[in-house]
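This report concerns only the one structure given below.
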Amino acid sequence: MTRPTNSIHGEWSSRWAFILAATGSAVGLGNIWKFPYIAGENGGGAFVLVYLVCIALIGLPVMMAEILIGRRGRQNPVNTLKSLSSEENASSTWRFLGWIGLLAGFFILSYYSVIAGQAMAYVFRTLSGVFTGVTADGANSIYQSLTGDPERLLAWHTVFMVLTMVVVARGVKSGLEKLVRVVMPALFIMLVILVGYAANTGEYFSQAVDFLFVPDFSKLTQESILIAMGHAFFTLSLGMGAIMVYGSYLSKSSSIATMSVTVSIADTVVALLAGMAIFPLVFANGMSPDAGFSLLFVTLPIAFGHMAGGALFGGIFFILLVFAAWSSAISLIEPAVAWLVENKQISRRRASVTVGFAAWLLGLLTVFSFNIGEGWILFGMTMFGLLDYLTTNIMLPLGGLLIIVFAGWIMAKNSTQEELAIRSPIFYYIWRILVRYVSPIAIIIVFLNKIGLVG
Ligand code: TRP
């Protein structure tokens, strides 16, 4: 199987467009909703440090590997891996790695859409002023009145999924690219303002900074190390082919290393800003940092409820959050949609509707996990918890591991060197050592450590 020189789906109009799209994919609920709550649940500082180390030592090299594989193969992940493995005289079984990715993306989208739906519901709640002067208990019960009602959750989940399908159906240039140009900068400014608000809480702000940045290693468990690593993959959109497929729309002249560094830094900064906006409020209101997935939906509304113009400001904040989730969601189904278009010769539109509908159906499990299905427990987790755990902590790191093994051990040195086109040989060698040894060994150790075999 030979590889095409261009993607049939088109190309990003510039390297900026790629950076925005990849950042749009990376920055999402993972940064603003998930990072603060898992940092809170896992004890703060030490967890944050492990997460940062994982971003640098594992995330960055994996991102470069994904983009280079995607750009070289120029097709959806399954076909790309098929072409590249035949070109490198390796087994065509590698294409199954593409399949794991398609599946993981579809699983993640199913619950991602439900949480994004909650953010949409919050746009209207904040704007309506229900949070004015609200207490912690009040904010809690407002959240529960939303999640306790399956019909409402379902309605918002449906709206979000339809929005996602619409953008993906429109294709690379007129869909994906347009959306992210405005949203990313606006979200960033909004977060800075929120951190400024949180900074006014004085001692609570410094308490939050300590909580996030002063590591207390006694709080670190094997489980939290696995969660930190899984989250590094989740937040950078790695391990399932999303960034790979975005790479397949990238022109040959752009530098993969520079773009990967830019996207990783932007993503990390947004997560840390979100933490610094949320935790001062948690402490100032006497709440517990380990409240779990409701953290964002309960703490921020308290802040909005006590700020001048908070209803409007809060409304805008949740709108931006929905947009950030939207630009992430599209990258979750793009690989599967590209696969259908390339292999089943159906239109982009039909492909988007097919994949989106299937993810919507699976999403019902998450909708019910918050209410009537709260008691459906498997391996000690709700259906939502299970889907999240399986994808983030197992499928993504495993996918990422196989991706770097492919880039570091299966692809010839000439191929990766040519594709990365890093001018300085030293940097190329650093990358190669990372993908051949450091990152795979780190991932394997974290896995073994978790199941109790080492450490
Ligand atoms: N990175 C996104 C976030 O942080 C979620 C996401 C989008 C994702 N595409 C992905 C996660 C691909 C894993 C794989 O919200």
Side-chain angles (χ1 to χ4, degrees), residues 20-39 51 54-55 58-59 62-63 65-67 70 76-77 97-98 100-119 160 164 167-168 176 179-180 183-184 187 191 227-247 260 263-264 266-275 293 296 320-338 355 359 387-403:
L20 282 172
T23 310
S25 164
V27 174
L29 296 173
N31 306 61
I32 296 165
W33 160 73
K34 199 171 189 187
F35 171 73
Y37 101 67
I38 58 176
Y51 152 79
C54 289
I55 294 279
I58 303 176
V62 173
M63 185 179 287
E66 270 205 35
I67 302 176
N76 71 78
L97 171 54
I100 303 178
L102 263 45
L103 199 66
F106 161 74
F107 282 176
I108 296 174
L109 181 63
S110 79
Y111 66 81
Y112 204 85
S113 166
V114 178
I115 308 293
Q118 298 182 0
F160 185 82
T164 304
V167 178
V168 178
L176 316 191
L179 181 69
V180 288
V183 173
M184 288 306 126
L187 184 72
L191 274 174
I227 295 175
M229 179 177 80
H231 186 67
F233 282 96
F234 186 93
T235 190
L236 293 177
S237 304
L238 299 175
M240 59 136 297
I243 293 293
M244 193 184 288
V245 90
Y246 276 20
S260 305
V263 174
S264 308
D267 185 78
T268 307
V269 169
V270 171
L272 297 178
L273 284 177
F293 58 76
L296 168 84
L320 291 173
L321 181 60
V322 170
F323 276 105
W326 197 6
S327 64
S328 298
I330 53 185
S331 73
L332 285 164
I333 48 170
E334 179 64 21
V337 168
V355 186
L387 277 168
D388 181 20
Y389 194 92
L390 175 73
T391 48
T392 309
N393 299 336
I394 299 171
M395 293 174 89
L396 297 181
L398 194 66
L401 175 64
L402 294 171
I403 287 168

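Counting convention: from 1, in listed order, for ligands and their atoms alike.
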List the closest protein heavy-atom neighbour of [atom]: residue, atom name, distance to the nearest 0.1 Å.
{"atom": "atom 11 (C) of ligand 1", "value": "F234 O, 3.1 Å"}
{"atom": "atom 6 (C) of ligand 1", "value": "S237 OG, 3.5 Å"}
{"atom": "atom 9 (N) of ligand 1", "value": "S331 OG, 2.9 Å"}
{"atom": "atom 2 (C) of ligand 1", "value": "S25 O, 3.2 Å"}

* Structure fact -> Quick note on ligand 1: atoms under 4.0 Å from a heavy atom of L396 include exactly 13 (C)
* State the atoms of ligand 1, each with its element, that fall below the 4.0 Å cut-off from a heavy-atom position in M240. => 12 (C), 14 (C)
Distance-minimising heavy-atom pair for [X] and [Y]:
{"X": "G400", "Y": "F233", "result": "CA-CE2, 3.7 Å"}
{"X": "M184", "Y": "G24", "result": "CE-CA, 3.7 Å"}
{"X": "D267", "Y": "T235", "result": "OD2-OG1, 2.7 Å"}
{"X": "I32", "Y": "A274", "result": "CA-CB, 3.9 Å"}

* Measure A26 to ligand 1 on non-hydrogen atoms and call it side chain, backbone, both or neither using the 4.0 Å cut-off. => backbone
* To do: Determine, stepwise, if the pair Y112 / L29 fulfils side-chain contact (heavy atoms from CB on, under 4.5 Å).
  => CA-CA 8 Å; Y112 204 85; L29 296 173; 3.7 Å; yes
* Structure fact -> Paired with L236, the side chain to side chain contact (heavy atoms under 4.5 Å, CB included) test is passed by just one of L396, I55, V27, namely I55
* Structure fact -> Closest to atom 5 (C) of ligand 1 by heavy-atom distance, out of Y246, F233, Y112, is Y112
Report yes if some N/O of [X] lies less than 3.5 Å from some N/O of ligand 1; otherwise report no.
{"X": "I108", "result": "no"}
{"X": "L238", "result": "no"}
{"X": "L29", "result": "yes"}

* Asked: Which class fits the ring pair F234 and H231: parallel under 30°, tilted 30 to 60°, perpendicular over 60°?
  -> parallel
* Work out whether the distance between some heavy atom of G105 and some atom of ligand 1 is less than 4.0 Å. => no
* Asked: Is a side-chain N or O of S237 found less than 3.5 angstrom from the main chain of S25, in a donor-acceptor match?
  -> yes
